[in-house]
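In what follows, a structure is listed as structure tokens, so that the remarks can point back to it.
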Amino acid sequence: MSNSNLEQRIAAWLEGRISQADSETLQQELRDSVEARTTFKRFAQLDAVLREVADTESLGMISQASGSSAPIQKTATIHYIKGALAIAAGIAVMLTVNLYYQYVNANRNIARITGLNGTLTWIGDGGQIVQGDGSQQASTRWSNTLSEGTELPGGTIEGMAPDSWFKLEFHDGSTGMISGDSILTFSDQGQKEFRLRQGRFSADVMPQPEGKPMLIHTSVAVLKVIGTQFDVEAGPKSTMLYVREGIVQMIRVHDGKTVDVPANHRVVITANSDMLLQFVAPERMWIQTPVWENISTAGDQDSIATQETHDHDGTRNLLISEEAARLPAQDTEYTIRSGDLFEFRFVWMAGMWWTPQDQIAIKLFTTDNDLISGTPTTFATILSGTLTDARVYEAASGSTTATATEARKRLFIAIDTQDGGGELNGVAHLDNFHLQVTHFPEPGLPRLDDFQLQGTPFPDPLPPPAAEIIIGGNIRNGNFNEN
Amino acid sequence: MDDQSDEKRTASNDDERYEVFVKLLVEHEPRVRSFLRGLLPTWNDVEEVTQEASLVAWRKFDDFEKGTSFGGWLFTIARFEALKYRRRVARSPLVFAGDVWDLLAEEASGEETQQVRRRHLEVCLGKLELSQRDLLLNVHTSGVVMRKVASQSGKSEQAFYKIIQRLRKVVLDCVLKSIELENA
């Protein structure tokens, strides 16, 4: 029996993805071997303790509601006590609230918290304000903390920080989530009704009773939802709706204009917008991403190229990885001239496993046959610099000048990574790539004008060098949103 | 007047009883959850049985003899509740056959020492790189779907699962070393 195989099977069982055949093999191993049973129990215990730490750290983050600007608390000892008390409070709620107030609350609690993170404020019916498990507040009927499993009546939840999120499950199985700096008021008096004052709200809505669709009010629109999955983001003057499944009807408040938004479509409503539907999908493979391609030798063209999650500006971003299987690049179709100044800029953010020392490396190269598949010669590698904060997008820029060596060759560009530490599996997100060229003729070299004018004096001064955009916005899919 | 005093006394006794119960529950529940995790295939199952066992324990708390082991008592209740639950979900391919279940349950019930505990884990998590630590905790947080995290990582699911398992293995080896040192 291989230990490694046994451990893989145990992991698959604990993660609920074991096949029937592997399950039978695992069970036979457990029957036959004390050692296998010990290994199994150790991993099960580890799983339990990891979850305990993970969950109480999530609770601990809420305790920063009192104004600390420190990032995620990493030492969980204090949080364990808070977490344990929160668990106790949760059980207390279950035991006492449910037993003693079940009847009283039967018509009041409408949803259950199924997950939460970051700094949050909850204002319940009657104006009870609940900020977190560390606050000195009087107990409410429901609990003096926001914790997973707590039942809530209608009220208002406010995310106070970019990393805040809050998930709810209603009694009919519909789920909703706010994220970031968002304010959502919700109620269910036989018809679910929400007011999204600002921020982002995502929902997976079970079929609603006939004639009682879920209603979501924003400053400029009302959304009617029968049963679907969608994200809505509201600002003071606009509302963006993206529908993943089903259909949502959106009505503009000021003129009553209506649009039905089907799955994989987005619409942005402002007072004067034309309410046009845009087709979008949450993730796109390389083959669905024009201009850019994955040129790594082991490149999998079916892997994810761009995605909507971890976005910079509500649109797609390019997924970058330190792994050898991914190297985004494009043939710019631009022919290099000696003295060309190439300038680029982009925004980027760290993802999983990205260490503080890792950087983005922009590579400009030519090939031996002017095809992207040819043998490359990199003539410039410019590093982004390291990030100061892993959780937000930061701007990066750089420039390089072409020499006579590269002149008359085709320009190719690749977005690579530069490892600074850790394993080669870091992930980052990059958006709004912009590359421009400005041609500065090298002194002493003949210009086209010289030949045209055959030695006669210039009639006019030369125009100042002007920048030409090679990649940027929707030019050559610099924003990664084209399809 | 007498009636009111009696009511107050009853309320006060209820409060005390409740406080004692919660205190004991908080102390012993992690081990019960850990035990159930080694029998039940998903966290939903574990949560459901833990809640049911807690409710049963609360209802029967008057029967609990002070001075005896609350942990052992709760453990027995949890084992019975898990068995009841198993009968409901026995058809799932993830549920262990009866003989395997009994072996695991029997051996786990007898264990009083050598538990993987939170204090061990925290020391070992501290030895990981911050990004690895965050990732490991992220995928173990309630409500987080590992497949979704895998898809957002840009890796294949298999590669992602391997990374997580490698991290678990590193942490477990470290934890077992700590336990060994503690018992030396």
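Reminder, nothing fancy here: chain letters follow the sequence lines and each chain counts from 1. Since the model is a prediction, treat every value here as computed from it, not as a measurement.
- The candidate with the highest count of non-hydrogen atom pairs below 4.5 Å against chain A, out of R33(B), R168(B), M146(B), is R168(B).
- Going from atom CG of L46(A) over to atom CG of L176(B) covers 9.0 Å, rounded to the nearest 0.5 Å.
- Of the residues considered (L50(A), L30(A), V49(A), I10(A)), L50(A) shows the highest number of contacts with chain B, using heavy-atom pairs under 4.5 Å.
- Ring planes of F40(A) and F96(B): perpendicular class, angle over 60° (limits at 30 and 60°).
- Atom CZ of R31(B) is separated from atom CD of Q45(A) by 9.0 Å, given to the nearest 0.5 angstrom.
- Between E52(A) and R37(B) there is no salt bridge, since no side-chain nitrogen of the basic residue lies less than 4.0 Å from a carboxylate oxygen of the acidic one.
- Contact of V149(B) with chain A is made through backbone and side chain together, with heavy-atom distances under 4.5 Å.
- Top candidate by heavy-atom pairs under 4.5 Å with chain A, chosen from L36(B), I163(B), V144(B), V139(B), is I163(B).
- Residue contact with chain A, scored on non-hydrogen atoms closer than 4.5 Å, is absent for T42(B).
- Looking at Q28(A), there are no atoms closer than 4.5 Å to chain B (heavy atoms on both sides), in backbone or side chain.
- Ranked by non-hydrogen atom pairs under 4.5 Å with chain B, the options D47(A), T114(A), I320(A) are led by D47(A).
- Within the model, atoms CD of Q27(A) and CG of D99(B) stand 7.5 Å from one another, a figure rounded to the nearest 0.5 Å.
- In terms of heavy-atom pairs under 4.5 Å with chain A, the best-connected choice from S131(B), G126(B), A159(B) is S131(B).
- Closest approach of G38(B) to A44(A), counting heavy atoms only: CA-CB, 3.6 Å.
- Residue R166(B) holds its CZ atom at 13.0 Å from CD of E7(A), rounded to the nearest 0.5 Å.
- Distance check, rounded to the nearest 0.5 Å: CG of D55(A) to CG of L137(B) gives 9.5 Å.
- Of the inter-residue distances, the one linking L104(B) atom CG with K41(A) atom NZ reads 7.0 Å to the nearest 0.5 angstrom.
- Of all heavy-atom pairs between Q165(B) and Q8(A), the closest is CG-NE2, 4.1 Å.
- The residue among L39(B), L125(B), L172(B) with the most heavy atom pairs within less than 4.5 Å of chain A is L172(B).
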